[in-house]
Amino acid sequence: MEKGRILLAVTGFHPQRWRELLSAEREVVLEPDGAKDPSITYAVVWKQKPNLLSSLPNLRAIFSIGAGVDHIFADPGLPDVPIVKVVADNLTQYMTEYVVWRVLDHHRQGLLYRQQQPKKIWHEPQQRPAGDISVGIMGLGTLGRAAASVLLSLGFAVNGWSRSERPMEGVATYAGEAGLIPFLKATDILVVLLPLTPDTKGIINYGVLKELRKRNGLGGSVLINAGRGRLQKDADIIRALDDGTLKEASLDVFEVEPLPKTSPLWNHPKVFVTPHAAATSDPIHLVPGMLRQMDAFERGEKLDNLVDRKAGY
Ligand code: NDP
Ligand code: OXD
């Protein structure tokens with residue numbers, strides 16, 4: 001079979017490096033060219049323009065350049081072809097680093113020390129063992145499990161919540177709607193690594209934050225969201241921080257991105273902001289896997305890391 005051509009449609013990413021690496025093995029057409037082109041069989045996308053994909057008469061598969069695929073499902077005219085998401089050691093490693101960094105910073109009172117230093121305050125707060133803190137990971141998938149295993153090795157108690165039962169040695173696991181409240185009640189630091197789907201949109205709201213455990217050495221519960229911004233209600237997080245429901249938050253994702261300059265989250269003294277940078281998609285690490293999958297598909301083999309269209313992730 002002839003090697004299929006690729007449409008590269010990536011909004012918000014610099015396409016040059018992706019194009020260069022993909023072009024090493026296949027012909028690449030860069031959006032805005034390519035609409036309706038019958039010679040295109042694959043689309044490599046990030047936030048592609050609505051109805052672009054449905055204009056391609058011979059499209060056989062869509063490759064997301066991220067682990068999340070909500071940007072693809074946002075297209076009202078999404079054609080019924082397989083969608084492949086990113087599962088890659090490099091991306092998983094980045095996310096594990098982010099989660100462990102933020103958990104350790106909250107656990108080891110990073111905010112307090114950053115406040116003390118400019119005032120030249122020499123004060124050591126009480127230290128607690130990691131085992132006194134339970135980190136609850138919402139979304140015990142590829143990224144959640146990897147982070148969980150490093151947190152376990154550091155001695156934290158770890159809980160996990162997923163849609164279906166996902167046992168993991170050393171982790172107290174909870175599943176589905178029935179497992180949500182017990183999971184929250186057993187969690188001091190909530191780490192959100194869920195995909196954005198119709199079921200998870202807005203799930204990080206005041207009511208949910210209220211359920212988190214507060215009797216811990218941290219002096220309150222903590223939120224870390226590196227999943228998607230629209231999982232959370234920014235205003236509910238601010239309310240929870242202001243009334244003490246939450247002690248601190250680390251947010252990598254926001255309802256609107258880039259986070260508007262007018263957002264109170266920027267200047268909130270209890271919030272640590274990163275610009276959707278927890279785990280970047282690096283083409284040098286991701287393109288070889290995409291090209292390998294395209295070759296395998298053309299040999300009649302099945303695609304890996306397929307999105308479950310019904311579940312939306
Ligand atoms: P996976 O698909 O491997 O895991 C998703 C997890 O979420 C699974 O455990 C799944 O349950 C669970 N889940 C999904 N829906 C629900 C629900 N309704 N209720 C409870 N649990 C649910 O995804 P990844 O780990 O690869 O990635 C997770 C997300 O991280 C991505 O979708 C993306 O949004 C985000 N991300 C953010 C990045 C950043 O830089 N900020 C970078 C990369 C990813 P089950 O196991 O039962 O299927
Ligand atoms: C992703 C992301 O989904 O970077 O991979 O957000």
Side-chain angles (χ1 to χ4, degrees), residues 1-88 90-91 141-142 195-201 227-230 257 276 279-313:
M1 186 191 285
E2 208 178 296
K3 274 181 178 260
R5 293 175 90 213
I6 298 171
L7 173 69
L8 180 62
V10 291
T11 309
F13 270 84
H14 297 297
Q16 289 79 4
R17 193 70 182 127
W18 291 88
R19 182 186 206 175
E20 203 177 290
L21 292 163
L22 289 163
S23 312
E25 291 190 20
R26 287 173 185 265
E27 269 186 62
V28 179
V29 179
L30 186 60
E31 194 271 327
D33 293 336
K36 303 191 177 131
D37 186 336
S39 72
I40 287 168
T41 48
Y42 304 109
V44 173
V45 302
W46 183 257
K47 297 184 182 163
Q48 79 285 351
K49 296 215 166 72
N51 300 312
L52 171 69
L53 299 176
S54 57
S55 81
L56 302 170
N58 293 312
L59 185 69
R60 297 187 62 204
I62 301 166
F63 289 76
S64 168
I65 71 168
V69 290
D70 47 291
H71 63 104
I72 294 178
F73 283 108
D75 186 341
L78 187 64
D80 188 13
V81 297
I83 303 169
V84 178
K85 61 184 168 184
V86 167
V87 177
N90 168 260
L91 188 101
T142 305
L196 178 66
T197 69
D199 289 342
T200 60
K201 186 166 176 242
R228 278 291 180 269
R230 283 190 297 131
E257 293 180 8
H276 198 141
T280 198
S281 287
D282 185 345
I284 195 88
H285 294 281
L286 305 186
V287 165
M290 288 177 182
L291 291 170
R292 243 192 331 271
Q293 286 242 63
M294 290 172 195
D295 290 345
F297 191 53
E298 286 167 7
R299 288 194 303 270
E301 293 166 29
K302 69 173 188 46
L303 290 164
D304 292 328
N305 309 322
L306 281 175
V307 169
D308 173 343
R309 291 184 74 111
K310 200 157 156 255
Y313 67 96

Heavy-atom distance under 4.5 Å between the side chains of Thr200 and Arg228, does that happen here?
-> no
Pairwise distance CD1(Ile40) to CD(Glu27) - rounded to 0.5 angstrom | 9.5 Å
CD1 (Ile6) and CG (Leu291) are apart, to the nearest 0.5 Å, by 6.0 Å
Does Leu59 reach the side chain of Thr41, with side-chain heavy atoms less than 4.5 Å apart?
-> no
side-chain contact (heavy atoms from CB on, under 4.5 Å) with Asp304: which residues, sequence neighbours excluded?
-> Gln293, Lys302
Indicate yes or no: at least one non-hydrogen side-chain atom of Met294 is less than 4.5 angstrom from one of Phe63.
-> yes
Give the minimum heavy-atom separation between Lys36 and Leu56, together with the two atoms involved.
-> N-CD2, 3.8 Å
Pair Asp308 + Lys85: basic N to acidic O under 4.0 Å = no
Might you point out which heavy atoms bring Leu303 and Ala61 nearest each other, and give the distance in Å?
-> CD1-CB, 4.0 Å
Taking the side chain as every heavy atom from C-beta outward, state whether Asn51 and Pro76 have any atom pair closer than 4.5 Å.
-> yes
Any idea which heavy atoms bring Ser281 and Gly66 closest together, and the distance?
-> OG-CA, 3.8 Å
Residue pair Val84, Leu306: steps toward the side-chain contact (heavy atoms from CB on, under 4.5 Å) verdict = CA-CA 5 Å; Val84 178; Leu306 281 175; 3.9 Å; yes
Less than 4.5 Å apart, any side-chain heavy atom of Val86 and any of Asn305?
-> no
Heavy atoms only: give me the nearest Ser64-Ile72 pair and the separation to one decimal.
-> CB-CD1, 3.7 Å
Going from CZ on Arg309 to CD1 on Ile83, what distance comes out if it is rounded to the nearest 0.5 angstrom?
-> 4.0 Å
Using the test ring-ring contact (aromatic ring centres under 6.0 Å, His included), find all partners of His276 that sit at least two apart in sequence or belong to another chain.
-> none
Describe, in one word, how the ring planes of Trp46 and His71 are oriented to each other, choosing from parallel (under 30°), tilted (30 to 60°) and perpendicular (over 60°).
-> tilted
Distance from Leu30 atom CG to Leu7 atom CG, nearest 0.5 Å?
-> 8.0 Å
Report the distance from atom CD of Glu298 to atom CZ of Arg26, rounding to the nearest 0.5 Å.
-> 4.0 Å
Within-4.5 Å side-chain heavy-atom neighbours: Leu78 and Ile62 = yes
Identify whether the distance between the nearest side-chain nitrogen and carboxylate oxygen of Arg230 and Asp70 falls below 4.0 Å.
-> no
Quick one: which residue pairs count as a side chain to side chain donor-acceptor pair (under 3.5 Å) with a foot in residues 6-19, not counting sequence neighbours?
-> Arg17-Glu20
Heavy-atom distance under 4.5 Å between the side chains of Lys49 and Glu31, does that happen here?
-> yes
Beyond-backbone contact of Val307 with Phe73, side-chain heavy atoms, under 4.5 angstrom | yes
